[in-house]
**Q** 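This is the structure I have questions about; it appears just below.
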Amino acid sequence: MSAGNERFSAEAAAWDSNPDVHRASASALQAILQFRPDLVEAKDKNDKNDNASADGLDVLEIGCGTGLLTLRLAPYVRSIVAVDAAQGMIDALQQKLAKAVEDDGKQGKQGSGRQHRASVTPVCLVLNDSEDPALPPADPPDASDTSSTAPRRKFDLVISHLVLHHIPDHPALLRALFGCLKPGGQLALTDFENFGPQARRFHAERRMAGVEFHGIEAALFAEQMRAAGFVDVLVQPAWEMTKAVERFPGEWNAGKPKGVELETMQFPFLLCRGTKP
Ligand SMILES: C[S@@+](CC[C@H](N)C(=O)[O-])C[C@H]1O[C@@H](n2cnc3c(N)ncnc32)[C@H](O)[C@@H]1O
């Protein structure tokens, strides 16, 4: 994980300059909203109410990066705890949040007319334990328990996008995520599918640091979700993304060729969904 961590901290400042990551996050949001249409209703209600302490879901996001999915989902939910292993990514998200508050202030949007925005809490963490003291305390916190072992907040929905393929131990992750959910809480994890040897081409060779899997195997991941205790498990392709790829491994080591038409490939993306009973 440390190689990936360094890679992502180093890439954070330029992360949003890649149009692929914006397109992929926009598609992930659509897949989540199709899975949970109640989120669209919650957004409409909150927009009408102009209510700062809005109704809605408490969400945990694993591997939020610079917050491309986080900030797209924020108008639909009550709160998001956005976790990433790379401090550079968390810093980039903090900066975006600070700028949004500043822009609201300049436009005098603190009062009426302000669109609902969930409270977003960025946390730099590799999540192995649902009771990790770096997670926010249970809500409302038990005022009598000020120890670092006080119970941690539980969530209605856990999301992650393009992160599973960076995590070496899926059974351990799924056990931790199960512990983070409220009873009835759900997982909605999206990542590209391992559809065979060609799936390796999703990453250029210079971007292989921290890549543990060339996509997710749907049947295996579904089995691992059930083994962690999830029910109503469904791991299915939700959309396809067209992406430029290297013609041979290492072609882009010195940068993408300019002025030539790049080869493209279609990559299926899975939505991995399940419920904590
Ligand atoms: C490919 S990036 C995706 C970032 C973001 N979700 C997006 O789509 O723009 C993968 C992110 O997962 C983070 N990551 C990898 N393993 C992680 C772990 N075990 N816990 C938390 N974050 C992790 C990396 O630091 C990186 O920011």
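The model shown is predicted, which means the values in this text are computed figures rather than measured ones. Whatever order the structure lists them in is the order used to number ligands and atoms, beginning at 1.
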**Q** So, does L173 sit close enough to ligand 1 that a heavy atom of it is under 4.0 Å from the ligand?
**A** no
**Q** Short N/O distance, under 3.5 Å, between I62 and ligand 1?
**A** no
**Q** With sequence neighbours left out, write down each residue that passes side-chain contact (heavy atoms from CB on, under 4.5 Å) with E223, or none if nothing qualifies.
**A** none
**Q** Has the side chain of T70 got a donor or acceptor atom that lies under 3.5 Å from a matching backbone atom of T66?
**A**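 Checking the backbone N and O of T66 against the side chain of T70, no donor-acceptor pair under 3.5 Å is found.
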**Q** Once you measure the plane-to-plane angle for H203 and H165, does it fall in the parallel (<30°), tilted (30-60°) or perpendicular (>60°) bin?
**A**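 Taking H165 first and then H203, their aromatic rings sit tilted (interplane angle of 30° to 60°).
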**Q** For L69, state whether at least one heavy atom is located under 4.0 Å from any atom of ligand 1.
**A** no
**Q** Where the side chain of R273 meets the backbone of F35, is there a donor-acceptor pair that is under 3.5 Å apart?
**A**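 Flag not set: sc R273 to bb F35 has no pair under 3.5 Å.
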**Q** May I ask you to list the atoms of ligand 1 that are less than 4.0 angstrom from any heavy atom of A86?
**A**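 The atoms of ligand 1 under 4.0 Å from a heavy atom of A86 are 25 (O).
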**Q** Do D84 and ligand 1 have an N or O pair less than 3.5 Å apart?
**A** yes
**Q** For V163, take its heavy atoms, then give the atoms of ligand 1 lying under 4.0 Å from any of them.
**A** 12 (O)
**Q** Looking at the rings of F213 and H170, which for Trp means the six-membered one, are their centres under 6.0 Å apart?
**A**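 Ring centroids of F213 and H170 are less than 6.0 Å from each other.
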**Q** Which of the listed options, S25, A12, A176, G63, holds the heavy atom that is closest to atom 12 (O) of ligand 1?
**A** G63
**Q** I'd like to know if R206 pairs up with E251 as an ion pair, taking the criterion as any Lys NZ or Arg NE/NH1/NH2 lying under 4.0 Å from an Asp or Glu carboxylate oxygen.
**A** no
**Q** Is any N or O atom of H161, backbone or side chain, closer than 3.5 Å to an N or O atom of ligand 1?
**A**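 Yes, H161 has an N/O under 3.5 Å of an N/O on ligand 1.
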**Q** So do the side chains of E246 and E205 get within less than 4.5 Å of each other, counting heavy atoms only?
**A**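 Sidechains of E205 and E246: in contact.
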**Q** Any N or O on E61 sitting closer than 3.5 Å to an N or O of ligand 1?
**A** no
**Q** Counting each atom of ligand 1 from 1 as listed, which ones have a heavy atom of L125 under 4.0 Å away?
**A** 20 (N), 21 (C)
**Q** Would you indicate which of A85, A24, C124, G67 comes nearest to atom 23 (C) of ligand 1 when only heavy atoms are counted?
**A** A85
